Amino acid sequence: RARKAHIVHYTYGLYSLSFPLLITQVAKWLDWSQLESGVWTSNEVPHVNNSHTWEMALAVGIASFWLLLLVVAVPLKTLRTLRHKYEAGLLSDESPSLATQARLGWLYDKYTEDTYYFEFVALVGRAVLILSGILLIKNQPVLGQLVCIMVSLVSMVLLIKLKPFE
């Protein structure tokens, strides 16, 4: 059980560290204007100068797979597990499951019992902020700032409406 808890903690740590890096690299790799005669000529991204188109496509494919895994699959699997535990009554304060609390407690302990999922709402908000900051701010600063403001407003409305910390 402790090993599973460490794996879950490690996975979310990896998510937090690698998500911005992967988004930044994929955004730079997708700038095909640096392509001349099938060879990558950008010095902006380390270790890719003189790479061929197929190498860049492979790198983008691998990075996209990791993004899909880290952004969609891992959070949805964990959320599904928490939902099943919630429906079984294992997240309640009256009869908590020690195994569940040891493994996943850090995801739901700070929230009320009915808003056990709120960490994932915050996760999506952070992901959208990172995406808009990396992809939009450079080329379309006004749109990027508007997206960040909208995400912040939606987060504030959700906090006021759901009251996850009471």
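Here the structure is a predicted model, which means the values were calculated and not measured.
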Centroid separation under 6.0 Å, is that true for the rings of Y111 and Y116?
no
If two hydrophobic side chains count as joined below 4.5 Å and joins carry through other members, does I149 share a cluster with M156?
yes
Would you say L123 and F165 are hydrophobically clustered, going by side-chain heavy atoms of ILVMFWY under 4.5 Å?
yes
Restricting to non-hydrogen atoms, name the atom on P75 and the atom on F120 that form the minimum distance, rounded to 0.1 Å.
O-CE2, 3.6 Å
Does the side chain of T115 come under 3.5 Å of the side chain of T112 through a donor N or O and an acceptor N or O?
yes
Using side-chain heavy atoms (C-beta onward) and a distance below 4.5 Å, is Y117 in contact with L82?
no
Linking I/L/V/M/F/W/Y whenever any side-chain heavy atoms sit under 4.5 Å apart, do L129 and V157 land together?
no
Hey, any chance L69 and L58 share a hydrophobic cluster, counting ILVMFWY side chains that come within less than 4.5 Å of each other, even indirectly?
yes
Can you tell me if CG on L98 sees more than 12 non-hydrogen neighbours from other groups inside 6.0 Å?
no
Do Y86 and T100 make a side-chain contact, defined as non-hydrogen atoms from C-beta onward lying under 4.5 Å apart?
no
Which residue pairs pass the salt bridge (charged side-chain N to carboxylate O under 4.0 Å, His left out) test with at least one member in residues 71-90, sequence neighbours excluded?
R83-E87
Hydrophobic clustering (ILVMFWY, side-chain heavy atoms < 4.5 Å, transitive) - are M150 and L158 grouped together?
no
With sequence neighbours excluded, residues passing side-chain hydrogen bond (donor to acceptor under 3.5 Å, both in side chains) with S155
none
